[in-house]
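What follows is a short report on a single structure.
Note that this is a predicted model, so its numbers are computed, not measured. By convention in this document, chain letters (A, B, ...) are assigned in the order of the sequence lines, proteins followed by strands, and residues within each chain are numbered from 1.
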Number of protein chains: 4
Amino acid sequence: MTEKDDGQLVGSFPIMPKQARAQQKREALLRSGSILFVEKGFDQTTAKEIALHAGVATGTFYRYFADKRQLLMSLLEENFDLLMPPKPDWDNVNPEFFLAALMKEHFGKMNRLGLHRVLPELVSRDPELAEVVRRTKRIIHKQIYNGLKTTKEHGLTWDDLSLDTISWTIIALLEKIPEMHAESGKEPDFPEIAKIICRLVFPPDKLSQLKKIREMSDKKWI
Amino acid sequence: MTEKDDGQLVGSFPIMPKQARAQQKREALLRSGSILFVEKGFDQTTAKEIALHAGVATGTFYRYFADKRQLLMSLLEENFDLLMPPKPDWDNVNPEFFLAALMKEHFGKMNRLGLHRVLPELVSRDPELAEVVRRTKRIIHKQIYNGLKTTKEHGLTWDDLSLDTISWTIIALLEKIPEMHAESGKEPDFPEIAKIICRLVFPPDKLSQLKKIREMSDKKWI
Amino acid sequence: MTEKDDGQLVGSFPIMPKQARAQQKREALLRSGSILFVEKGFDQTTAKEIALHAGVATGTFYRYFADKRQLLMSLLEENFDLLMPPKPDWDNVNPEFFLAALMKEHFGKMNRLGLHRVLPELVSRDPELAEVVRRTKRIIHKQIYNGLKTTKEHGLTWDDLSLDTISWTIIALLEKIPEMHAESGKEPDFPEIAKIICRLVFPPDKLSQLKKIREMSDKKWI
Amino acid sequence: MTEKDDGQLVGSFPIMPKQARAQQKREALLRSGSILFVEKGFDQTTAKEIALHAGVATGTFYRYFADKRQLLMSLLEENFDLLMPPKPDWDNVNPEFFLAALMKEHFGKMNRLGLHRVLPELVSRDPELAEVVRRTKRIIHKQIYNGLKTTKEHGLTWDDLSLDTISWTIIALLEKIPEMHAESGKEPDFPEIAKIICRLVFPPDKLSQLKKIREMSDKKWI
DNA sequence: GATGAATGAGCTTTCATTCAT
DNA sequence: CATGAATGAAAGCTCATTCAT
């Protein structure tokens, strides 16, 4: 039973070194954890279920993770960049097209991972987790902030743009996308959302100027 | 605690009619449930704890609520209007002042209740709860939508305003306010958020026109 | 509400003296207890349910009975004679007709009361109840025994009749009647059972002799 | 207790294979359940107590049985044949000797198991259990019925024998034996009960004929 | 290392009984 | 006396975690 996966000639090259085997199990557990957490919620998922779903014994779970919580933390770390929204590049492309494409892709990734549905309640009771999430958001905020800053310095934005508040607003919009999807039932209207963000950042005249210039090179983003 | 309810003259009315007593317990349980759900999360709060916190016996909890979930539902029903953001009245006042004031008030209420922090994960596994939340959001959306529609018909908004997406965006912003608060650490900058919403709705010229006209009558809102 | 049952002229003769009122409640409780014990089993019936069914408050239950068990004991005492099978009068009537009629009546009473279905498990854990039941059975046994003894002394029975064992056998048969009913689905065949008992007691020649003599006077028993 | 299972030579087989261990626990739980159910009644016995009595933790109980009820069902299934009274073989042996011996053995088994004391009240509220018991009784009835039928066809019984009622009567007697024991305090008089059954089945002349023929071969049954 | 049976604290829920009104 | 809300011990059951094999 344990040998099924390496029915190989005696003496042949071990296809899968010991550590890699362990890695495989760890990853199976992570994958199973991710799936079940999203499906049933963190508290409703038992360590036993995760192990079963991953095809290992209950005890094995505890060899790789101190507890359920630690598995979740590992999941977060591993998918750190997935949780990060893309860094918009405001002035090299038609901003509306570009944003719409970026958001569509980000939304797809988020939805595939699904972890964002698990975090909200946990954050309120797990300070360490809360800290991780907060740090992540701050990085995102910083990225958007810096992008906006450069753009502002180029004189492309509203004069009175509050970089900080706009950054949070953009994050808020990005985070709401999955929920808008779930609650309205329709696919989010990414171009419209992009338009909204652009309206927040660029005065109409600057925006149409940007759009004209970048129009051709943007075709690839659609 | 036991003395609060009979600071009255000797010989006056019966201290507290029977039903009022029961109501008091029910409400104590609701209050305790609300506090503990927000503090520790729904799943981490036990019925026993709620009872203890409310100063009644475990069994008493079950006289008033079938279970924890039902207590939560009652909390939601009872605070239904708190969850509703205010209906903005776009063209009778300086929109920015007005919105800032409304949001500040709403934010205060939401924060005091705190339930919004409990719902997200629950919604994903409790279809009935999900339905309640969905219905609430649809009403909110409708209200904002209708307000915007009237404003648009008055020719005050951007010509290309997508009423639906803007409505969702405003909801997203309102809902994010508590989190912005928690995550940034600072008090949300309501005037700035109001400005953002106004920028989404009104072209600059229409907005300054609105602001000038309403400036005086708005003093009362500050 | 409490006055509904004596809507009488002021000053008129109180139809129901105080004690009788109490008696009424006591009896309502006994009746409700009996019904519910038989319907759902002793342990599955709560004091609250009995009170509700009897139309009184929970607390009132405990004014009339120390606890559920005591109510059961009262039920037994009150229906003591119902539990007693009839004393057969072997030689004044056609024994088969007579027995069949007696059993039919007894079976009807037992079934209406139904308590026999509640006792078995209780007896094994309640020594006092066990003693009551045992005493009852001993009296029954004695009655049957004495009847048989007289009959034997008249030379009407088998010579080798073991009075004791036959008495228990008759009791066994009587007690099994409700179960035979429930399990076979059919109405018990009382004449057949009577025939069996008679065959155990009387040799064929003595029996036909008895039957012939009593034939006419028995018509009334059918 | 822990030593019973390895009275073996050092160096021999592994003491107890894994599955056997589990079986041991399962059986310990069954045994403890049986004992406690009989001692205190089904409802008065808690899963915790059974586990404690079996020397395992509460949770272990639930690894082997879904609940108390299922343990009882397993007990019944496992002892199905114990509950079945022996199939009498009417015409190959002295019927009285044979029956007495059979009943004595059956009585011993029943008494050791004791479950018959638990079933009566449960049956009235557990339809599945009721069905199991009913099925069992029907099989027993059928067996006795068929035996009697053959005997009747051989012309050995009373001409007017009602096979059905006699079968139920015999079952009633068999089932009452433990109670007769408990209530009279004396050891049941098996030979007398056997005589009673024989008197119900065989006319005196046929019986003495049967007894004479089989007298010698029966010695072994005593 | 891997296994999964075993553990037992702890949660939800019920109900006999009390007692203020 | 009657009431029924309140009590809290205790039952059924789950699951994170350990540990002998």
Side-chain angles (χ1 to χ4, degrees), chain A residues 1-2 18-19 21-22 25 43-52 55-69, chain B residues 14-19 21-26 43-52 54-69, chain C residues 1-2 18-19 21-22 25 43-52 55-69, chain D residues 14-19 21-26 43-52 54-69:
Chain A
M1 184 202 278
T2 65
K18 227 173 191 175
Q19 255 204 325
R21 286 271 195 101
K25 287 199 177 162
D43 290 305
Q44 280 57 47
T45 305
T46 71
K48 203 176 188 170
E49 280 172 327
I50 298 173
L52 187 73
V56 301
T58 319
T60 306
F61 180 98
Y62 288 91
R63 178 156 297 283
Y64 292 104
F65 302 98
D67 53 24
K68 243 186 352 174
R69 196 180 150 283
Chain B
I15 297 173
M16 172 78 37
K18 222 173 200 176
Q19 257 205 325
R21 284 280 186 103
Q23 271 318 310
Q24 247 191 351
K25 291 218 165 141
R26 207 187 111 93
D43 291 306
Q44 279 55 49
T45 305
T46 71
K48 212 172 189 167
E49 281 172 326
I50 298 174
L52 187 74
V56 301
T58 318
T60 306
F61 179 98
Y62 289 94
R63 167 165 290 283
Y64 293 102
F65 303 98
D67 52 24
K68 248 189 339 181
R69 196 180 152 283
Chain C
M1 181 202 281
T2 65
K18 227 173 193 177
Q19 253 205 327
R21 286 271 195 103
K25 285 197 178 163
D43 291 306
Q44 280 58 48
T45 305
T46 71
K48 202 174 187 171
E49 281 171 327
I50 297 173
L52 187 73
V56 301
T58 320
T60 308
F61 179 98
Y62 287 92
R63 177 157 296 284
Y64 291 103
F65 303 98
D67 53 24
K68 246 188 345 175
R69 196 181 150 282
Chain D
I15 297 172
M16 174 73 42
K18 221 174 197 173
Q19 257 205 326
R21 284 281 187 101
Q23 272 315 310
Q24 249 190 349
K25 291 215 165 142
R26 209 187 109 93
D43 291 306
Q44 280 56 48
T45 305
T46 71
K48 214 170 189 168
E49 280 171 327
I50 297 174
L52 188 74
V56 300
T58 317
T60 306
F61 179 98
Y62 290 94
R63 167 167 291 283
Y64 292 104
F65 303 98
D67 52 24
K68 249 188 340 180
R69 197 180 151 284

Query raised in the report: Given atom CZ of C:F61 and atom P of E:dT17, what is their separation to the nearest angstrom?
Result: 8 Å
Query - B:A51 versus B:A57, closest heavy-atom pair with distance - result: CB-O, 3.6 Å
**Report entry** Residue whose nearest DNA chain E nucleotide is more 5′ - A:K25 or B:A47
**Finding:** A:K25
Report task. Establish, with yes or no, whether the OP1 or OP2 oxygen of E:dT3 is under 4.0 angstrom from a side-chain nitrogen or oxygen of A:T60. Result -> yes
Report task. Identify, between A:G55 and B:D67, the residue whose nearest nucleotide on DNA chain E lies closer to the 5' end. Result -> A:G55
Query raised in the report: In whole angstroms, how far is the C1' atom of E:dT12 from the CZ atom of B:R63?
Result: 18 Å
Query raised in the report: Within this structure, what is the OH-to-C1' distance between B:Y64 and F:dG4, rounded to whole angstrom?
Result: 10 Å
**Report entry** Whole angstrom value for the distance that separates P of F:dA10 from CG of D:D43
**Finding:** 17 Å
Requested in this report: Mind calculating the distance between CD (B:Q44) and P (E:dT12) to the nearest angstrom?
Outcome: 11 Å
Query raised in the report: When rounded to the nearest 0.5 angstrom, what is the spacing between CD in D:Q23 and OH in D:Y64?
Result: 7.5 Å
Query raised in the report: Considering all heavy atoms of both residues, which atom of B:Q44 and which atom of A:D43 are nearest to each other, and what is their separation?
Result: NE2-OD1, 3.2 Å
Report task. Rounded to the nearest angstrom, tell me the gap between atom OH in B:Y62 and atom P in E:dT13. Result -> 4 Å
Query raised in the report: For the residue pair B:Y62 and B:D67, what are the closest heavy atoms and their distance?
Result: CE2-CA, 4.4 Å
Query raised in the report: Taking a pair as Watson-Crick (N1 to N3 plus N6-O4 or O6-N4) or G-U wobble (N1-O2 and O6-N3), both under 3.5 Å, which stems of 3 or more consecutive pairs involve DNA chain E?
Result: E:2-21 with F:2-21
Query - Residue whose closest nucleotide on DNA chain F lies nearer the 5' end, C:T58 versus D:T45 - result: C:T58
Query raised in the report: Between E:dG4 atom P and A:I50 atom CD1, what is the distance in whole Å?
Result: 17 Å
Query raised in the report: Whole Å only: how far is the NZ atom of C:K68 from the P atom of E:dA16?
Result: 5 Å
Requested in this report: Would you check if the side chain of C:K68 reaches a backbone N or O of C:T45 as a donor-acceptor pair within less than 3.5 Å?
Outcome: yes
Query raised in the report: Looking at OG1 of D:T58 and CG of D:L52, how far apart are the two atoms once the value is rounded to the nearest 0.5 Å?
Result: 8.0 Å
